[in-house]
S.K.: 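One structure follows; several queries about it will come next.
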Amino acid sequence: MTRNVPDKPTLDGLETKWDERWEEDGTYRFDRSKTRDEVFSIDTPPPTVSGSLHMGSVFGYVQTDTHARYRRMSGKEVFYPMGWDDNGLPTERRVQNYYGVSCDPSLPYDSEFSAPEAAHDPVISISRRNFIELCHLLTQEDEKVFEELWRTLGLSVDWNHSYATIDEHSQRTSQKMFLRNLARGEAYSQEAPVLWDVDFQTAVAQAELEDREKGGAYHKVAFHKTDGEPIYIETSRPELICSCVALVANPEDERYQSLFGSTVTSPLFDVEVPVVAHELADPEKGTGVAMICTFGDTTDVTWWRELALPTRAVIQRDGRFQTESPEWLSDDAAAVYSELAGLFPNQARRKMAELLAESGDLDGEPEQIMHPVKFYEKGDRPLEIVTSRQWYIRNGARDSGLRTELLEKGEELHWVPGFMSVRYRHWVEGLNGDWLISRQRFFGVGVPLWYPINDSGDVDYDHPVVPDDELLPIDPSSHVPAGYQESQRDQPGGFIGDPDIMDTWATSSLTPQIVGHWDDDADLWNRVFPMDIRPQGPDIIRTWLFATTVRAHLEHGVLPWGTATINGWILDPDRKKMSKSWGNVVTPMPLIEEFGSEAVRYWACNGRPGVDTAVDTGVMKIGRRLAIKILNGARFAIGFTDADIDPSAITQPLDRSMLAGLAETVSQATGAFEDYDYARALEAAERSFWAWTDDYVELVKTRAYGEGPAATSAHAALQLALSVYLRLFAPFLPFVTEEVWSWWREGSVHRAIWPVADEFANIASDPGALEAASKVLGSVRRAKSDAKVSMRAEVGRLKVTGSADEVELIRRGADDLLAAARATDIVYSEGEFSVESELANSSN
RNA sequence: GGGCGGUUAGCUCAGUCUGGCUAGAGCGCUCGCCUCACACGCGAGAGGUCACAGGUUCAAGUCCCGUACCGCCCACCA
């Protein structure tokens, strides 16, 4: 073919040009005629589209793309879908802020309502359905921005296989799997204390908790024995004394033996509570006696459950103390309680401290402390514990058999890097409850159930009404169960729809089933599942990775993938963890515009697997330089002739020696990729390529500009080497390699075959000859540099001293060496390696 | 409180699994060079007691023990 090598090659515009071409040509389209063993399938993480874009979004995805491209070139048919995680709280929160709205489920749907141009201020309330419409509207906009970024970065995903966790197919998959979990008894509902976010008004799961160090104070408070003597406890939550159901001490604690079995009365409220024994009570903490409240913390829940204590809750779901005086309080106590009614816990705490001080039940001043307090990871106020009915999926926390099976799955999974597996193991070993999947929110996949209401108006939660699979997905608040009429909704003798949605992880834990169309396309499913790799961040091992493992284990009895590749954290340029709340988020688009996609990809590929990496424009500059070097090197390598020369024309020693080194590079890069170490593969290719341009190209340049078989040998070797380098770099620098490939090759480099050393093994020889010539050339360059003369300066005769072996190797490339060094001739002697030259005007 | 990862040149990082010439790269810095692929370039140079302390070994950046600091994860908040 005629070559179309530009005079001034540039990186500008390559992203757009090739993104469009790849789309037109279907370069990355999945060919579903391939069988499972021919397919390499990737369970791509669906990014949270309602979050802001930052470099963390780029880092892992680019690394994964290198695997996709390597496997594709290695002959696999790559199944590489892309999804968006758009359901759940992050989207709701973004919609609230973006439009200035809040969801009030009691309002009727307003068909006239349209998205506000600007955020309402003050916030207006809208119906649930209007709110959900806004969620869909905004996530679609967000998804366009993400797709644009992925395309600009050159991710080789098949955009025909994209999904959103809120789309109909995802909802159907999620609901169908939930119903199967229900049918097998793996999903169940239970009325129990749960951790509750008072602002978001929803239950949260163990995996969504985080501890934050908060200031607090130990209050030393007197309860009273029957003889009137005080017994002191220490508490950081004196406001919960009205919720106290018992005092507890360690059964071994000698100080309190006589009290076990007796009762004491609480200060101010004068409620009689037992003193009980439990081994969780720590004699070292406080006075050794703790008060048990329903519920101040998760230990209270444990004590309450294991000691079968009564429930005396006062904190409501809005986080305030209930206004009615609790029925277990006497009239006098109710008068005290009225001081607390309607307050938030921190307000009630101050009030109680005052009251206790007045009554003389507070011993000394409260001691200020810092202690860890449980928060919802997205929340702003401490979690409270309220009792409510919730749905759970078994995860092994209460079933040692299942827990063992899931631990074994973690062992079976191939982790990259390996040390990440301990995070999984520790999480599974530390589980303290089944997976709470229901959320009291609006935008998400609904719990697909209704419950019968008996004639006296009681809801029968134990016998949910289940929809047929064909009807999924359903919204129980608008669909009517079989055998009922809409008029029977919420009526005695009728039904009630489950008002809750499932947590986003309950759906995203099914990404293999969603992308593989487990529920409606068994043919595709069997070609892609179990999937090959699950790439993801280390922070969501306990959530996404674990939950996906649970769902696949329960349904299919297998691991959902063979390998998990865990990327590192992105740190900001000052090596701090990037976080929206710290305001140090670096967004990718300006960097891409400044340095180019290849440069940003290069930076991402320089981060080792699993290693935390700082945003570093210096590294991006190196990547840009490499991409430009490829353009220019290619221009030289294929600029001599339009003909494709058969490799058999490669006869000259340095040409063959170069290929021997290249074969080694190919084998290093291939080995690294097989170990999922893209960074090492890039390093090998890069090191080799720079040596190629710096030494090999300089050594053969003069010969290449000549004529005859020796020149043809160089032309052929340059062509062959370029072809190999383009393919080695293609996974990392997809645009520039494709651009150069298009100058002289048909088709896409990304569908070209990954290089193997066998391609030129029969031509490669004289390993070491190129290295020896380079070493001599290096000495000459140093001499010229020391003499401060041009590299083009003539050096006269070269006197090379070296071992017999070295001399022999140097002799093979002597002609090229003389030309590159601009020397007249060369003489050899044996001894310690050295090079002398006759520099003409060394004074200049 | 438990665990994981890290600490190598001014900066960003390789090298540690599998111990072995004089510890590498790029950036930055210094000094040169417009050499017909590339000045968005090319060549050369300076720069490191490999966090600290002990141990194993003929030999330790690399293996073992401990300490400090940084980051992250987990933990029942009395």
Side-chain angles (χ1 to χ4, degrees), chain A residues 5 7-11 209-214 216 218-219 221 233-237 240 247-249 280-282 285-293 296-303 369 371-374 382-383 417-423 425-427 429-430 432 538-539 541-542 568-569 571 573 575-577 603 606-608 610-619 621-622 624-639 679-680 683 686-687 690 693-694 697-698 701-702 705 718 777-778 780-793 820 822:
Chain A
V5 183
D7 285 340
K8 275 277 175 190
T10 173
L11 297 177
L209 304 181
E210 66 182 33
D211 285 354
R212 297 182 198 160
E213 282 289 320
K214 287 287 169 184
Y218 284 150
H219 300 68
V221 174
I233 58 121
E234 278 192 351
T235 178
S236 60
R237 301 202 63 179
L240 289 176
L247 298 190
V248 65
L280 271 183
D282 184 350
K285 280 191 182 173
T287 60
V289 187
M291 101 179 150
I292 304 175
C293 307
D297 62 36
T298 53
T299 317
D300 282 340
V301 177
T302 307
W303 281 325
I369 51 154
H371 62 166
V373 179
K374 286 205 187 309
L383 292 169
F419 65 79
M420 290 291 182
S421 70
V422 301
R423 299 194 183 204
R425 191 171 72 243
H426 286 165
W427 176 251
E429 286 171 351
N432 56 29
D539 51 325
I541 289 173
R542 64 179 180 167
W569 271 114
L571 310 172
R575 301 206 56 74
K576 294 210 182 70
K577 180 179 161 183
W603 161 77
N606 255 275
R608 255 57 190 177
V611 173
D612 296 350
T613 302
V615 174
D616 187 345
T617 55
V619 176
K621 285 181 193 164
I622 302 165
R624 182 173 176 82
R625 208 162 71 94
L626 173 62
I628 292 170
K629 194 73 174 179
I630 290 170
L631 287 174
N632 289 310
R635 211 175 141 248
F636 174 80
I638 60 174
R680 211 181 276 259
E683 188 186 27
E686 194 184 2
R687 195 188 320 112
W690 282 109
T693 62
D694 292 348
V697 165
E698 293 303 324
K701 196 176 263 181
T702 307
Y705 278 113
L718 287 164
L777 182 60
V780 175
R781 283 171 175 162
R782 190 173 309 116
K784 290 180 179 178
S785 202
D786 289 348
K788 300 189 191 300
V789 297
S790 160
M791 289 297 137
R792 224 166 40 156
R822 300 196 175 256

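This is a predicted model, so every value here is computed, not measured. Letters go in sequence order (proteins before strands), and every chain restarts at 1.
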S.K.: Does B/C36 have OP1 or OP2 sitting under 4.0 Å from an N or O in the side chain of A/Arg792?
M.R.: no
S.K.: When the P atoms of B/U49 and B/C4 are considered, how many whole Å apart are they?
M.R.: 31 Å
S.K.: Which sits closer to the 5' end of RNA chain B, A/Pro372 or A/Lys784, going by the nucleotide each is nearest to?
M.R.: A/Lys784
S.K.: Just to be sure I understand the rule, does A/Trp690 reach a base, reach only the sugar-phosphate, or reach nothing, if contact means heavy atoms closer than 4.0 Å?
M.R.: sugar-phosphate
S.K.: Which atom pair, heavy atoms only, marks the closest approach of A/Arg781 to A/Asp694?
M.R.: NH2-O, 2.9 Å
S.K.: Quick one: label A/Ile622 by what it contacts on the DNA or RNA (base, sugar-phosphate, nothing), any heavy atom closer than 4.0 Å.
M.R.: sugar-phosphate
S.K.: Nearest nucleotide by nearest heavy atom, which residue falls closer to the 5' end of RNA chain B, A/Leu280 or A/Met791?
M.R.: A/Met791
S.K.: Would you say A/Arg680 places a side-chain N or O within less than 4.0 Å of OP1 or OP2 belonging to B/G15?
M.R.: yes
S.K.: Please measure how far the C1' atom in B/C36 lies from the corresponding atom in B/A44, and state the result in whole Å.
M.R.: 23 Å
S.K.: Quick check for you: among B/A44, B/G15, B/U12, whose closest atom lies nearest to any side-chain atom of A/Asp616?
M.R.: B/U12
S.K.: Which nucleotide sits closest to the side chain of A/Ile628: B/C40, B/C77, B/C72?
M.R.: B/C40
S.K.: Calculate the interatomic distance between A/Arg782 atom CZ and B/G43 atom C1'; express it in whole Å.
M.R.: 11 Å
S.K.: Once you apply a heavy-atom cut-off of 4.0 Å, does A/Lys621 come out as touching a base, just sugar-phosphate, or nothing?
M.R.: nothing
S.K.: Both distances under 3.5 Å, Watson-Crick or G-U wobble: report the partner of B/U16, or none.
M.R.: none
S.K.: Picking from B/C33, B/C27, B/A14, which would you name as closest to the side chain of A/Ser790?
M.R.: B/C33
S.K.: With sugar-phosphate meaning primed atoms plus P, OP1 and OP2, does A/Arg608 contact a base, only sugar-phosphate, or nothing at under 4.0 Å between heavy atoms?
M.R.: sugar-phosphate
S.K.: Taking a pair as Watson-Crick or G-U wobble with both distances under 3.5 Å, which nucleotide is matched to B/C42?
M.R.: B/G32
S.K.: Spell out, as yes or no, whether a donor-acceptor pair under 3.5 Å connects the side chain of A/Thr613 to the backbone of A/Val611.
M.R.: yes
S.K.: Going by purine N1 to pyrimidine N3 plus the second Watson-Crick contact, or the G-U wobble pair, all under 3.5 Å, which nucleotide sits opposite B/A53?
M.R.: none
S.K.: Output the rounded distance in Å from CG (A/Leu626) to P (B/G41).
M.R.: 12 Å
S.K.: Could you measure between the two P atoms, the one in B/A14 and the one in B/A59, and give it in whole Å?
M.R.: 30 Å
S.K.: Can you tell which of B/C13, B/G5, B/G26 lies closest to the side chain of A/Phe419?
M.R.: B/G5
S.K.: When rounded to the nearest Å, what value does the distance between P atoms of B/U62 and B/G55 take?
M.R.: 14 Å
S.K.: Output yes when at least one side-chain N/O atom of A/Lys788 is less than 4.0 Å from OP1 or OP2 of B/G45, else no.
M.R.: no
S.K.: Could you work out the separation of B/C63 and B/C73 based on their P atoms and round it to a whole Å?
M.R.: 26 Å
S.K.: Out of B/C42, B/C4, B/C77, which has the shortest distance to the side chain of A/Lys285?
M.R.: B/C77
S.K.: Name the nucleic acid region contacted by A/Ala679, choosing base, sugar-phosphate or nothing; use a 4.0 angstrom heavy-atom cut-off, strictly under.
M.R.: nothing
S.K.: Would the distance check show the side chain of A/Lys374 and the main-chain N or O of A/Leu209 forming a donor-acceptor pair, the cut-off being under 3.5 Å?
M.R.: no
S.K.: Please classify the nucleic acid contact of A/Val697 as base, sugar-phosphate, or nothing, using heavy-atom distances under 4.0 Å.
M.R.: base
S.K.: For A/Val422, answer base if it contacts any base atom (sugar-phosphate contacts may also be present), sugar-phosphate if it contacts only those atoms, and nothing otherwise; contact means non-hydrogen atoms under 4.0 Å.
M.R.: sugar-phosphate
S.K.: Identify the heavy atoms of A/Gly610 and A/Phe419 that sit nearest to each other, and give their distance.
M.R.: O-CZ, 4.3 Å
S.K.: CE of A/Met420 versus P of B/G71: gap in Å, rounded?
M.R.: 17 Å
S.K.: For the C1' atoms, the ones on B/C40 and on B/A23, what distance do you get once it is rounded to whole angstrom?
M.R.: 32 Å
S.K.: Kindly point out which of B/C38, B/A44, B/C77 is positioned nearest to the side chain of A/Lys629?
M.R.: B/C38
S.K.: Does the structure show a Watson-Crick or G-U wobble partner for B/A9, both distances under 3.5 Å? Name it, or say none.
M.R.: none
S.K.: Starting the side chain at C-beta, find the nucleotide from B/C13, B/C38, B/C77 nearest to A/Arg635.
M.R.: B/C38
S.K.: Could you check which of B/U12, B/A14, B/C72 has an atom nearest any side-chain atom of A/Arg423?
M.R.: B/C72
S.K.: Using a 4.0 Å heavy-atom cut-off, does A/Thr693 contact any base of the nucleic acid, only the sugar-phosphate backbone, or nothing at all?
M.R.: base
S.K.: Please report the interatomic distance CZ(A/Arg782) to CG(A/Leu777), rounded to the nearest 0.5 Å.
M.R.: 10.5 Å
S.K.: Establish, with yes or no, whether the OP1 or OP2 oxygen of B/U35 is under 4.0 angstrom from a side-chain nitrogen or oxygen of A/Arg822.
M.R.: no
S.K.: Between B/G47 and B/C11, how far apart are the C1' atoms? Round to whole Å, please.
M.R.: 13 Å
S.K.: With respect to the side chain of A/Asp786, which nucleotide from B/C77, B/C38, B/A44 is positioned closest?
M.R.: B/A44
S.K.: What contact category does A/Asp694 fall into here, base, sugar-phosphate, or nothing, at under 4.0 angstrom with non-hydrogen atoms?
M.R.: sugar-phosphate
S.K.: Round to the nearest Å and state the distance from A/His426 atom NE2 to B/G2 atom P.
M.R.: 13 Å
S.K.: Would you please confirm or rule out a distance under 4.0 Å between OP1 or OP2 of B/C76 and any side-chain N or O of A/Lys374?
M.R.: yes
S.K.: To the nearest Å, how far apart are A/Asp7 CG and B/C36 C1'?
M.R.: 13 Å
S.K.: Rounding to a whole Å, what distance do you find between A/Asp211:CG and B/C72:P?
M.R.: 14 Å
S.K.: Taking A/Ala614's backbone N and O only, do any of them form a donor-acceptor pair with A/Trp603's side chain (distance below 3.5 Å, no angle check)?
M.R.: yes
S.K.: Answer yes or no: does a side-chain N or O of A/Arg425 lie under 4.0 Å from OP1 or OP2 of B/G2?
M.R.: no
S.K.: At under 4.0 Å between heavy atoms, what does A/Glu683 touch on the DNA or RNA strands: base, sugar-phosphate, or nothing?
M.R.: sugar-phosphate
S.K.: Give the minimum heavy-atom separation between A/Cys293 and A/Leu240, together with the two atoms involved.
M.R.: SG-O, 3.4 Å
S.K.: What's the spacing between A/Asp616 CG and A/Lys621 NZ if we round to 0.5 Å?
M.R.: 9.0 Å
S.K.: Atom CG of A/Leu209 and atom C1' of B/C73: how far apart are they, to the nearest Å?
M.R.: 14 Å
S.K.: If you measure from the C1' atom in B/G10 to the same atom in B/G3, how many Å do you get, rounded?
M.R.: 35 Å
S.K.: Using a heavy-atom cut-off of under 4.0 Å over every strand shown, decide if A/Gly618 touches base, sugar-phosphate, or nothing.
M.R.: nothing
S.K.: Identify the heavy atoms of A/Pro538 and A/Arg423 that sit nearest to each other, and give their distance.
M.R.: CB-NH1, 3.5 Å
S.K.: Would you mind telling me which of B/G45, B/G43, B/G71 lies closest to the side-chain atoms of A/Asp612?
M.R.: B/G71
S.K.: If pairing requires Watson-Crick or G-U wobble contacts with both distances under 3.5 Å, which nucleotide is the partner of B/C4?
M.R.: B/G71
S.K.: Reckon A/Ser236 touches a base, only the sugar-phosphate, or nothing at all at heavy-atom distances under 4.0 Å?
M.R.: sugar-phosphate
S.K.: Tell me whether A/Glu683 is salt-bridged to A/Arg680, with the criterion being a basic N under 4.0 Å from an acidic carboxylate O.
M.R.: no
S.K.: Separation of A/Phe636 atom CZ from B/G41 atom C1', in whole Å?
M.R.: 15 Å
